[in-house]
Amino acid sequence: MTRMQKLFSSKRKGNESAQPAPIAPTEPESLVRHIAIIMDGNGRWATKRHLPRLAGHKAGVSALRRVVECAADENIEMLSVYAFSTENWGRPRAEVDGLMRLFWETIRSDLEKLHRDGVRLRHLGRLQDLSPDIQKAILDSVELTRNNTRISLNVCFNYGGRAELVDAIRQIIADGKDPEVINEELISSYLYTRDLPDPDLVIRTAGEMRVSNFLLWQSAYSEYYATSTLWPDFGHEDLLAALNSYRQRQRRFGRLVAS
């Protein structure tokens, strides 16, 4: 097993419906406040069923609805999901247009229910590159749900970890900061996530073993969990398996823990 593989733990293979073990009582340090998810496998899910890739993305939206509800039931305070990366613009034009249309339609169809369910929506990414109608829809959804407290859902749309750092550095320079005052706290205060906690757990679906430019700064000491389950098939049992795996671990943040 490679060193990279040891960073990940998978509880399922393929689409098996393994029943997760009951979650053990949690100590304060094992509580999960913030989960970040790399939602991978929509295209493969569609291909296996001889469907167009956009059908996989639509199934992925259904999975997200399901997981938001499950996470709220498990008292997770925050979810961050990787919906569209800065690199995804390089996909075929038809797929990109379909994803933009799907994002717009999902906001229109789901916003009122998310608001009633107490979900607070936030956007992480480069807003200015999106079309004016999508920009307005995002800003309206953020404003409508800003006081909701059941769970926060951060949608990383037109997001890239390197782009985020570039934007932060540009703004630090524009603000004329003295190089001597630049430290980790200052940089963090210029990121899209400036007022958010770092993720405790990063989940990646579809069996891949890479971070794909997602929350590079924020996940420096996050725990990683990979599963071979394709994102459209991801559900409550998968979420419980990830939480169980997390709660088996001891987070050291680069330090040794006294025995």
Side-chain angles (χ1 to χ4, degrees), residues 1-18 20 32-48 53 56-57 59-68 70-71 74 76 78-88 90-91 99 124-125 151-164 192-193 196-249 251:
M1 182 179 291
T2 66
R3 184 175 183 273
M4 178 61 75
Q5 287 173 317
K6 291 178 181 177
L7 295 174
F8 296 84
S9 175
S10 177
K11 295 296 184 183
R12 292 178 56 180
K13 296 181 180 179
N15 293 323
E16 298 170 2
S17 298
V32 181
R33 294 183 60 200
H34 182 184
I35 296 176
I37 306 178
I38 303 172
M39 305 181 295
D40 198 9
N42 292 345
R44 275 169 279 177
W45 184 92
T47 299
K48 286 175 62 176
R53 287 178 61 84
H57 295 309
V61 170
S62 296
L64 178 57
R65 294 183 182 116
R66 183 167 65 242
V67 170
V68 169
C70 294
E74 294 298 329
I76 305 301
M78 183 171 291
L79 281 179
S80 293
V81 296
Y82 208 4
F84 187 88
S85 77
T86 49
E87 291 74 35
N88 286 157
R91 292 188 176 188
L99 284 167
L124 304 181
I151 188 171
S152 291
L153 175 61
N154 307 320
V155 181
C156 301
F157 197 86
N158 196 29
Y159 174 88
R162 290 182 175 182
E164 179 179 27
Y192 307 146
T193 56
L196 306 179
D198 289 341
D200 301 296
L201 174 64
V202 177
I203 298 172
R204 178 158 194 154
T205 60
E208 302 295 344
M209 298 289 184
R210 55 181 178 270
V211 296
S212 294
N213 199 21
F214 182 53
L215 297 177
L216 298 178
W217 179 277
Q218 299 87 342
S219 63
Y221 281 101
S222 302
E223 295 294 322
Y224 276 82
Y225 177 88
T227 174
S228 57
T229 301
L230 302 177
W231 173 247
D233 294 324
F234 194 92
H236 197 182
E237 290 183 359
D238 303 276
L239 181 64
L240 291 182
L243 291 172
N244 270 325
S245 175
Y246 175 88
R247 288 163 180 161
Q248 305 295 323
R249 306 182 193 183
R251 302 184 73 187

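With values rounded to the nearest 0.5 angstrom, Y224 atom OH is found 6.0 Å from I38 atom CD1. Rounding to the nearest 0.5 Å places OG1 of T86 at 6.5 Å from CG of N158.
Between the E164 side chain and the Y192 main chain, a donor and an acceptor come within less than 3.5 Å of each other. In this structure, the side chain of R204 engages the main chain of R210 through a donor-acceptor pair within 3.5 Å. Side chain of T227 to backbone of T205: no donor-acceptor contact under 3.5 angstrom is found.
Heavy atoms only, all atoms of each residue included: F234 and T229 are closest at N-CG2, 3.9 Å.
Judged as a ring-ring contact (aromatic ring centres under 6.0 Å, His included), and not counting sequence neighbours, the contacts of F214 are Y82. Not counting sequence neighbours, the partners of A46 by the side chain to side chain contact (heavy atoms under 4.5 Å, CB included) test are L51. Legend: residues meeting side chain to side chain contact (heavy atoms under 4.5 Å, CB included) with N42, ordered by chain and number and at least two apart, are H57, W231, P232.
Under the 3.5 Å distance criterion, with hydrogens and angles disregarded, a donor-acceptor pair is assigned to the side chains of R249 and S245.
At least one side-chain heavy atom of L196 sits under 4.5 Å from a side-chain heavy atom of L124.
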Query - Residue pair L99, N88: steps toward the side-chain contact (heavy atoms from CB on, under 4.5 Å) verdict - result: CA-CA 10 Å; L99 284 167; N88 286 157; 5.5 Å; no
